[in-house]
Amino acid sequence: MKYVIASDLHGSFYYAKKIKEIFEKEKADLLIMLGDIYNHGPRNNLPEEYSPMQVAELLNGMTDKLMVIKGNCDSEVDTMISDFDFIGQGALIDCGKKMFLTHGHVYNKDNPPKTSFDCVIYGHFHTGFIERKEGALFVNVGSLSLPKNGTEHSYVVIENGVVTLKNLNGRVIAEQKI
């Protein structure tokens, strides 16, 4: 299977449309959103084309190819406009490699989960990178709408046990085998 993984839309309809286009262009099987879908968060500026209801309508049309992890800015009221569930964490197995999916505000490279995984994939910090630490691969998918620290708007593709961090034009930023 081929996965597109992104995070931190923060209510941007502009970037919601972008990730849908990317998902279709990549011909992926599943779009995984790692949280902070609608709310911009009190520490963030409003993202481009801030419109949580339009983001909900777009994602509601993709529920059969969508998994959503709950982020720290996602709330119970968000479920009222969503035709999909927000789950706490998730797991994938690809090419025999175990991947832990989370938003990143609890589990990340500085606080890894206690459960054994080959790869931990998260967002939250709005800074995309791929880094190996103590034998595991840690992947931050960055932020679609509000990247920080000079990083690019980014997302991740996973296929055949390889993690690829890309900018929104599809240029490879980093890549590693799990």
Side-chain angles (χ1 to χ4, degrees), residues 3-23 26 28 30-63 65-92 99-113 119-131 138-158 163 165-168 173:
Y3 307 97
V4 167
I5 306 176
S7 188
D8 297 281
L9 270 172
H10 289 288
S12 172
F13 185 54
Y14 178 85
Y15 289 104
K17 292 181 288 187
K18 286 276 187 203
I19 197 61
K20 182 179 181 194
E21 291 169 11
I22 288 165
F23 176 75
E26 292 278 359
L30 185 66
L31 173 61
I32 302 169
M33 297 299 301
L34 298 178
D36 290 0
I37 305 301
Y38 304 130
N39 191 323
H40 66 86
R43 294 175 295 189
N44 298 319
N45 293 324
L46 286 176
E48 191 169 348
E49 290 185 33
Y50 181 69
S51 180
M53 286 303 295
Q54 286 184 291
V55 173
E57 289 171 16
L58 185 143
L59 293 177
N60 285 340
M62 300 178 68
T63 57
K65 295 181 182 269
L66 182 67
M67 175 192 292
V68 178
I69 305 293
K70 184 178 181 184
N72 63 307
C73 289
D74 297 319
S75 66
E76 189 175 325
V77 73
D78 294 340
T79 64
M80 297 171 69
I81 61 170
S82 304
D83 293 340
F84 49 86
D85 292 317
F86 288 76
I87 59 175
Q89 282 92 30
L92 292 176
M99 294 171 275
F100 183 83
L101 305 169
T102 188
H103 178 62
H105 63 296
V106 176
Y107 300 111
N108 52 61
K109 74 174 180 160
D110 297 321
N111 187 40
C119 183
V120 177
I121 305 169
Y122 58 99
H124 180 65
F125 295 98
H126 298 218
T127 55
F129 64 82
I130 299 175
E131 181 180 314
F138 290 86
V139 178
N140 189 303
V141 302
S143 173
L144 285 170
S145 66
L146 299 166
K148 295 181 179 175
N149 300 332
T151 60
E152 299 185 64
H153 299 265
S154 58
Y155 67 98
V156 158
V157 173
I158 297 177
V163 178
L165 177 67
K166 296 183 176 185
N167 73 9
L168 298 190
I173 298 169

Problem set entry | Residue pair Pro47 / His40: nearest heavy atoms and the distance that separates them | CD-CB, 3.9 Å
Seminar exercise, completed: In terms of heavy-atom contacts, Phe129 and Tyr122 come closest through CZ-OH, 3.3 Å
For this session: For residues Met33 and Ile37, report the shortest heavy-atom separation together with the two atoms involved.
Result: CB-CD1, 3.7 Å
For this session: Could you pull out all residues at least two apart from Glu49 that satisfy salt bridge (charged side-chain N to carboxylate O under 4.0 Å, His left out)?
Result: Lys17
For this session: Search all heavy atoms of Pro113 against all heavy atoms of Phe100 and return the closest pair with its distance.
Result: CG-CD2, 3.7 Å
For this session: Starting from the C-alpha separation in whole Å, work towards a yes-or-no answer on side chain to side chain contact (heavy atoms under 4.5 Å, CB included) for Met67 and Tyr3.
Result: CA-CA 10 Å; Met67 175 192 292; Tyr3 307 97; over 6 Å; no
Problem set entry | Sidechain-backbone polar pair: His126 side chain, Leu146 backbone, donor-acceptor under 3.5 Å | yes
Exercise. Is a side-chain donor or acceptor of Asp36 paired with a backbone partner of Cys73 at a separation under 3.5 angstrom?
Worked result: yes
For this session: Evaluate side chain to side chain contact (heavy atoms under 4.5 Å, CB included) for Ser7 paired with His103, printing each intermediate quantity in order.
Result: CA-CA 8 Å; Ser7 188; His103 178 62; 4.0 Å; yes
For this session: Check for a donor-acceptor pair, side chain of Asn167 on one end and backbone N or O of His153 on the other, with a separation under 3.5 Å.
Result: no
Problem set entry | Heavy-atom donor-acceptor pair, Asn111 side chain to Val106 backbone, under 3.5 Å | yes
For this session: Find out whether Leu101 and Ile5 are in side-chain contact, i.e. whether some heavy atom of one side chain is under 4.5 Å from a heavy atom of the other.
Result: yes
For this session: Please confirm whether Lys18 makes a cation-pi placement over Tyr155, using NZ or CZ under 6.0 Å from the six-membered ring centre and within 45° of the ring normal.
Result: no
Problem set entry | Criterion side chain to side chain contact (heavy atoms under 4.5 Å, CB included) on Ile158 and Ile32, from CA distance to verdict | CA-CA 11 Å; Ile158 297 177; Ile32 302 169; over 6 Å; no
Exercise. Should the heavy atoms of other residues, nucleotides or ligands under 6.0 Å from CG of Asn72 be counted, would the total exceed 12?
Worked result: yes
Problem set entry | Pairwise distance CG(Leu31) to CG(Leu59) - rounded to 0.5 angstrom | 7.5 Å
Problem set entry | By side chain to side chain contact (heavy atoms under 4.5 Å, CB included) - contacts of Ser154 (at least two apart) | Leu165, Ile173
Exercise. Got a donor-acceptor contact below 3.5 angstrom from the Asp8 side chain to the His124 backbone?
Worked result: yes
For this session: Measure the CG-CG distance between Leu9 and Asn39 for me, rounded to the nearest 0.5 Å.
Result: 12.5 Å
Exercise. About how many Å separate OG of Ser145 and CG of Leu46, when rounded to the nearest 0.5 Å?
Worked result: 10.5 Å
For this session: Using a 4.5 Å cut-off on heavy atoms from C-beta on, say whether the side chain of Tyr15 contacts that of Glu48.
Result: yes
Could you go through residues 79-87 and list every donor-acceptor pair under 3.5 Å that involves a side-chain atom there, pairing it with any protein atom two or more places apart or in another chain?
residue : atom : partner : partner atom : Å
Thr79   : OG1  : Glu76   : O            : 2.5
Ser82   : OG   : Tyr38   : OH           : 2.7
Ser82   : OG   : Asp78   : O            : 2.8

Problem set entry | Closest contact, heavy atoms only, Leu168 versus Leu144 | CD2-CD2, 3.9 Å
Let me have the donor-acceptor pairs involving side chains of residues 50-57, under 3.5 Å, with sequence neighbours excluded, atom names and distances please.
residue : atom : partner : partner atom : Å
Ser51   : OG   : Gln54   : OE1          : 2.9

For this session: Check whether any side-chain heavy atom of Met99 lies under 4.5 Å from a side-chain heavy atom of Val139, and answer yes or no.
Result: no
Exercise. If you measure from NZ on Lys109 to CD on Glu131, what distance do you get to the nearest 0.5 Å?
Worked result: 3.5 Å
Exercise. What residues form a salt bridge (charged side-chain N to carboxylate O under 4.0 Å, His left out) with Lys65, not counting sequence neighbours?
Worked result: none
Problem set entry | For Lys166, salt bridge (charged side-chain N to carboxylate O under 4.0 Å, His left out) partners two or more places apart | Glu26
